[in-house]
Undergrad: 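Below you'll find the structure I mean.
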Amino acid sequence: MEQQIKQGISEALKALYSHELSADDIALQPTRKDFEGTYTFVTFPLARVSRKNPEETGNEIGQYLVENTSVVSGFNTVKGFLNLSISEGSQVQQFAQMFDGANVSESPAFSIPSTGKTVVVEYSSPNTNKPLHLGHLRNNFLGNSVARILEAAGNDVKKVQIINDRGIHICKSMLAWLKFGEGETPETSGLKGDHLVGKYYVEFDKAYKAEIAQLVEDGMEKEQAEKEAPILLEAQEMLRKWEEKDPEIYALWEKMNGWVYNGFNATYERMGVDFDKLYYESDTYLIGRDRVLEGLEKGVFFKKEDGSVWVDLTDEGLDEKLLLRKDGTSVYMTQDIGTALMRFDDFPGLSQLIYTVGNEQEYHFKVLFLILKKLGYEWADACYHLSYGMVDLPTGKMKSREGTVVDADDLIQEMVDTAKARTEELGKIDGFSAEEAAELYEKLGLGAVKYYLMKVDPRKRMLFNPEESIEFQGNTGPFIQYTYARISAILRKASQLGVSIENIDFDQVSEVHQTEKDLIFAIGQYKEKLQLAAETYSPAIIAQFVYDLAKEYNRFYTEISIFNEDDAVLMQFRIALSALTAETIKVGMRLLGIEVPNRM
RNA sequence: GGCCCCGUAGUUCAAUGGAUAGAAUAGAAGUUUCCUAAACUUUAGAUCUAGGUUCGAUUCCUAGCGGGGCUACCA
C-alpha cells in the first residue's frame with residue numbers, strides 16, 4: 001500500500017516535472033488526526049523542482065495520483081502538506097492481504113525474510129556476590145527483548161551472558177561467611193542462595209567500615225585506612241590464593257557460587273528470560289591475560305617499572321589504561337578481552353556482538369573496542385555497546401550502602417500480589433481454578449513491570465516510581481493485556497455463535513468506519529516498527545506501537561457493535577479485524593517478553 | 001579540570017528537520033437495560049535561556065544555566 005503510493009509519487013514527479021526520485025527515497029508520514037487523509041507527503045522541498053508554490057505542487061501531485069493509481073481516492077493540500085485519502089476498497093483489500101485466511105498466527109503481516117546473519121546479544125551478566133536488583137531487571141528485560149526483536153527481524157540470535165564469578169567482590173562474601181557465617185547454608189537459613197551470599201557481602205562491608213573507623217581513631221589518615229584495613233588485605237590475599245587455585249579457597253568459591261546460581265536461576269525463570277550460552281569470567285580471564293602478554297611482546301602494550309601492564313590510548317584522545325596489576329592478577333578489562341575472543345571463536349561469521357550494559361561503562365567499552373582493534377582483530381568493528389540509562393528512584397540513585405536498592409525478587413512478588421488484589425477487587429475471574437488464577441497474576445504482575453521498564457527509550461535514564469509502576473490503568477502492560485482479553489471474549493462468542501471467518505468475501509464489505517481504517521493502518525505498521533526497533537535496539541518502539549494499537553481497538557470496541565450487526569459480511573469483517581488485532585498485540589507483546597491472557 | 005548524556009504539561013514519558021508539540025497520570029465534566037468500565041468521550045495544561053543555520057527547529061550548530069555519568073592496580 002505504502003509502496004504503491006510512493007511509486008505513484010515517483011511517477012508523478014517524473015511526469016509532471018521530469019524529476020527523478022526513486023520510490024525508496026520518498027518519505028510518507030501518517031496524516032495527523034485532525035486532517036482528512038491517511039498518508040501525508042510533504043511538498044516543501046519540491047518547490048524548487050516544480051517551480052510552483054508547495055500548495056500548487058501538492059495539488060498537482062494529488063491530482064495525478066487520483067487519476068493514475070487505484071489506491072488514492074482523494075486528497076487535500078494544506079500549505080505544503082499533501083494529505084492522501086485511500087479508497088475504502090483498497091483499505092479492505094490491504095486488510096484482506098494481511099489477514100490471509102483464518103490462521104492469523106501465520107499472517108503475512110508478521111513475516112520477515114531471514115537476513116542470514118548471526119547476532120549475539122549479551123545481557124544480565126551479574127556479579128555473583130549479591131542478588132539481582134531493579135537495575136538488573138531493566139538490563140534483563142531490555143536485552144531479552146532486543147534479542148527477540150532481532151530474531152523477529154530475521155537474524156539468528158544467540159543470547160549469552162558473562163558471569164562475573166571471580167574477583168575481589170566474591171572474595172569479600174566468602175571471607176565474611178568464613179568469619180561470621182557459622183556454617184550457614186541456604187537450607188539451614190531458608191534464604192535463597194543469592195540472598196544469603198549477598199548478606200555476607202553486607203557483613204563484610206560492615207566489618208570493613210568498623211575497622212576503618214578504628215584505624216582513623218588510632219590516628220591513621222582515612223585514605224590510608226581504606227587501603228590497609230586488615231579485612232580488606234585478607235580479601236585481597238584470598239583473591240591471590242584463588243588465582244593460584246588454592247584447593248580450600250577454590251572449594252569454598254565453588255560452593256558459594258553454586259548457591260548464587262541456584263538463586264539466579266529461580267529469578268530468571270520467573271522473569272521469563274534465558275540464555276543459549278553462559279561464559280564465566282573464571283574461564284575467560286586467563287585467555288585475556290595470554291592475549292595481553294602477547295600484545296606486550298608485540299609492543300602493542302607496555303610495562304611499567306612496577307611490573308603492571310598498560311595500554312597507551314593518548315593518541316586516541318584517551319588515557320593510559322591498566323590491563324594487568326603489578327602482582328599479575330587480572331582486571332575487568334583483561335577478562336573482557338578474553339570473553340570477546342571466545343565468542344568470535346564460538347560463533348564463526350558473527351556479524352554483531354551486542355553488549356547490554358549500563359551507560360556508566362561507556363568509557364570502558366570504548367577502550368575495550370579500541371584495544372581489540374589494536375590487537376589486530378578486524379571484528380572489533382562488529383562489537384556494539386547497547387548502553388542504557390540508569391534507573392533512579394524518587395529518592396534519588398539506588399545505593400546499596402544506603403539500603404535503597406530495590407530487590408528484584410521482592411519487586412516481582414509485590415507486583416504479582418498487587419495483580420491478585422486488583423483482580424479480586426474487580427471480581428472478574430469467576431470459574432478460574434486456583435492454578436489459572438495464579439498464572440494470571442504472574443502474567444499481569446510481570447507484564448506490568450516489564451512494560452513499565454521497557455516503554456521508555458532505553459538510552460535514557462528513567463525514574464522508577466513504585467506507586468506508578470503498580471498502576472494497571474493507562475499506558476501500562478495490563479491495559480494492553482486487558483485489550484487482548486476483551487478480544488478473546490469476542491472470538492469465543494463468535495465461535496459459540498458459529499460465525500466463521502475462514503472464507504470472507506471481502507468484496508462485499510459495504511462500509512468501513514474511521515476507527516476500522518485506523519486499526520488497519522495501525523496493524524499495517526507492524527513490520528516498519530519492528531524494523532525500526534531492530535535498527536535502534538529499542539523495545540520502547542514496540543511498546544509504543546502495541547499501546548497505540550490497543551488504544552485504537554478500545555475505541556473501535558466502544559463505537560462499533562459486532563454482534564448486533566445485521567449484515568453478515570460486516571460482522572465477519574469486524575471479527576476478522578478483531579482477530580488480527582489480537583494476534584498483532586500478542587506478537588508485539590511477545591517481543592517484549594510479555595504474555596497475554598485470554599481472560600482477566 | 002577534561003570527556004559523554006539529558007533539560008518538553010503539576011508529574012512520568014512521546015514526537016525520521018514538517019501542520020495546531022502527542023500520550024498517560026493527577027484535576028474538571030460525562031458514558032453501562034448493548035460483545036469485559038482494568039474501558040471510552042470531552043475539557044484545561046508544556047518545548048530551560050540567548051544567539052545561529054533553514055521555506056520550516058523540540059530536533060542541527062554555538063554559548064550560558066540546571067541535572068546525571070565517566071575520568072580506580074573496583075567490577
Undergrad: When all nucleic acid strands are considered with a 4.0 Å heavy-atom cut-off, which category describes A:Ala485: base, sugar-phosphate, or nothing?
TA: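 Result for A:Ala485 = base.
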Undergrad: Output the rounded distance in Å from NZ (A:Lys460) to C1' (B:rG67).
TA: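 Between C1' of B:rG67 and NZ of A:Lys460: 14 Å.
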Undergrad: Ignoring hydrogens and angles, answer whether the base of B:rA37 and the side-chain atoms of A:Thr558 contain a donor-acceptor pair closer than 3.5 Å.
TA: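 Answer is no: no donor-acceptor pair is held.
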Undergrad: Searching all strands shown, indicate the nucleotide that pairs with B:rU49 (Watson-Crick or G-U wobble; both distances under 3.5 Å).
TA: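 Here B:rU49 is engaged in a pair, and the nucleotide opposite it is B:rA63.
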Undergrad: Considering only the C1' atoms, how many Å lie between B:rC48 and B:rC6, rounded to the nearest integer?
TA: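 That atom pair is separated by 12 Å.
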Undergrad: Does the ring of A:Phe44 meet both stacking tests against the six-membered base ring of B:rG18: centre distance under 5.5 Å and plane angle under 30°?
TA: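 The ring of A:Phe44 is stacked on B:rG18.
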Undergrad: OH of A:Tyr451 versus C1' of B:rC13: gap in Å, rounded?
TA: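 Rounded to whole Å, this separation is 10 Å.
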Undergrad: Between A:Arg325 and A:Asp327 (salt bridge meaning N to carboxylate O under 4.0 Å), is one present in this structure?
TA: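 Here A:Arg325 does not pair with A:Asp327 in a salt bridge, since their nearest N and O are not under 4.0 Å apart.
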Undergrad: Which is true for A:Pro45 with a 4.0 Å heavy-atom rule: it touches a base, it touches only sugar-phosphate, or it touches nothing?
TA: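 If one applies the 4.0 Å heavy-atom cut-off, A:Pro45 turns out to touch a base.
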Undergrad: For the side-chain contact (heavy atoms from CB on, under 4.5 Å) test, which of A:Val449, A:Leu592, A:Ile542 pairs with A:Met454?
TA: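 Passing option: A:Leu592.
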Undergrad: Using a distance-only test with no angle check, is there a side-chain donor-acceptor pair under 3.5 angstrom linking A:Asn59 and A:Glu55?
TA: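 No - no donor-acceptor pair under 3.5 Å links their side chains.
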Undergrad: Which nucleotide wins on minimum distance to the side chain of A:Arg32, given the candidates B:rC35, B:rA19, B:rC74?
TA: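 Closest nucleotide among those given: B:rA19.
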Undergrad: Round to the nearest Å and state the distance from A:His364 atom NE2 to B:rA72 atom P.
TA: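 The answer, rounded to whole Å, is 14 Å.
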Undergrad: Just the rounded figure in Å: distance from C1' of B:rC5 to CG of A:Asp457.
TA: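 It works out to 12 Å between those atoms.
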Undergrad: With rounding to the closest Å, how many angstrom separate the C1' atoms on B:rA50 and B:rC65?
TA: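 My reading of the C1' atoms in B:rA50 and B:rC65 gives 11 Å.
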Undergrad: So, does the side chain of A:Asn83 form a donor-acceptor pair with the base of B:rA19 at under 3.5 Å?
TA: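 For A:Asn83, whose side chain was compared with the base of B:rA19, there is a donor-acceptor pair (under 3.5 Å).
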Undergrad: Is the distance between the ring centroids of A:Phe81 and A:Phe44 under 6.0 Å?
TA: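 Between A:Phe81 and A:Phe44, the centre distance is under 6.0 Å.
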Undergrad: Nearest heavy atom decides the nucleotide; on that basis, is A:Leu440 or A:Lys326 closer to the 5' end of RNA chain B?
TA: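 Result of the comparison: A:Leu440.
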Undergrad: Taking pairing as Watson-Crick or G-U wobble with both contacts under 3.5 Å, can you name the mate of B:rC55, or confirm there isn't one?
TA: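 WC or wobble partner is B:rG18.
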Undergrad: Evaluate whether the aromatic ring of A:Phe35 and the six-membered ring of the B:rA19 base sit under 5.5 Å apart, centre to centre, with an inclination under 30°.
TA: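 Yes, A:Phe35 stacks on the base of B:rA19, since the ring centres sit under 5.5 Å apart and the planes are within 30°.
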Undergrad: What is the distance, to the nearest angstrom, from the CG atom on A:Leu318 to the P atom on B:rC70?
TA: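 Going from A:Leu318 (CG) to B:rC70 (P), I get 16 Å.
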Undergrad: Do A:Thr423 and B:rA38 share a donor-acceptor pair, side chain to base, under 3.5 Å?
TA: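 Flag set: donor-acceptor pair detected.
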Undergrad: Suppose you measure atom P in B:rC13 against the same atom in B:rU8; what distance do you get, rounded to whole Å?
TA: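 About 9 Å, rounded to a whole number of Å.
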Undergrad: Using whole Å, what does the distance between atom P of nucleotide B:rA23 and atom CD of A:Glu468 come to?
TA: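 Computing the A:Glu468:CD to B:rA23:P distance gives 18 Å.
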Undergrad: Would you mind telling me which residue lines up with the more 5' stretch of RNA chain B, A:Ser308 or A:Arg459, judged by nearest nucleotide?
TA: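 In this pair, the answer is A:Arg459.
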Undergrad: Give the rounded distance in Å between these two atoms: OH of A:Tyr388 and P of B:rC6.
TA: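 Nearest whole value for this atom pair: 18 Å.
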Undergrad: Side chain of A:Leu444, heavy atoms from C-beta onward: which of B:rC74, B:rA38, B:rA19 has the nearest atom to it?
TA: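 For A:Leu444, the side-chain atoms sit closest to B:rA38.
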Undergrad: Can you tell me the pairing partner of B:rC70 across any strand shown, Watson-Crick or G-U wobble, with both distances under 3.5 angstrom?
TA: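 Paired with B:rC70, as far as the under-3.5 Å criterion goes, is B:rG2.
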Undergrad: Tell me which nucleotide, if any, is Watson-Crick or G-U wobble paired with B:rG27 when both distances must be under 3.5 Å.
TA: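 Its partner is B:rU43.
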Undergrad: Just how far, in rounded Å, is C1' of B:rC4 from CG of A:Asp319?
TA: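 Nearest whole value for this atom pair: 14 Å.
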Undergrad: Nearest to the side chain of A:Met600 - B:rA38, B:rA75, B:rG18?
TA: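 Minimum distance to the A:Met600 side chain belongs to B:rA38.
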Undergrad: If I pick the P atom on B:rU20 and the same atom on B:rA57, what distance separates them, to the nearest angstrom?
TA: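 That atom pair is separated by 11 Å.
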Undergrad: In this structure, which one of A:Leu232, A:Ile231, A:Leu239, A:Asn129 forms a side-chain contact (heavy atoms from CB on, under 4.5 Å) with A:Lys172?
TA: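 Of all the options given, the one that passes is A:Leu232.
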Undergrad: Closest to the A:Lys397 side chain: B:rU41, B:rC13, B:rG69?
TA: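 Ranking B:rU41, B:rC13, B:rG69 by closest atom to the A:Lys397 side chain puts B:rG69 first.
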Undergrad: Report yes if a side-chain nitrogen or oxygen of A:Arg555 is closer than 4.0 Å to either non-bridging phosphate oxygen (OP1 or OP2) of B:rU41; otherwise report no.
TA: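 Yes, because at least one side-chain N or O of A:Arg555 sits under 4.0 Å from OP1 or OP2 of B:rU41.
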Undergrad: It should be established whether A:Arg461 places a side-chain nitrogen or oxygen under 4.0 Å from OP1 or OP2 of nucleotide B:rG67.
TA: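 Checking B:rG67 against A:Arg461, no side-chain N or O comes under 4.0 Å of OP1 or OP2.
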Undergrad: So does A:Lys227 pair up with A:Glu223, basic N to acidic O under 4.0 Å?
TA: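 Salt bridge flag = no for A:Glu223 with A:Lys227.
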Undergrad: Tell me which nucleotide among B:rU41, B:rA75, B:rC35 gets nearest to the side chain of A:Tyr332.
TA: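 So the nucleotide nearest the side chain must be B:rA75.
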Undergrad: Under 3.5 Å for both donor-acceptor distances, Watson-Crick or wobble: does B:rU36 have a partner, and if so which one?
TA: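 Base-paired to nothing in any strand shown.
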Undergrad: Quick check on ring pair (Phe, Tyr, Trp, His ring centres under 6.0 Å): which of A:Tyr451, A:Tyr547, A:Tyr484 does A:Phe479 satisfy it with?
TA: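 Single pass found, and it is A:Tyr547.
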Undergrad: If we take the P atom in both B:rA23 and B:rA14, what is their distance in whole Å?
TA: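 My reading of the P atoms in B:rA23 and B:rA14 gives 16 Å.
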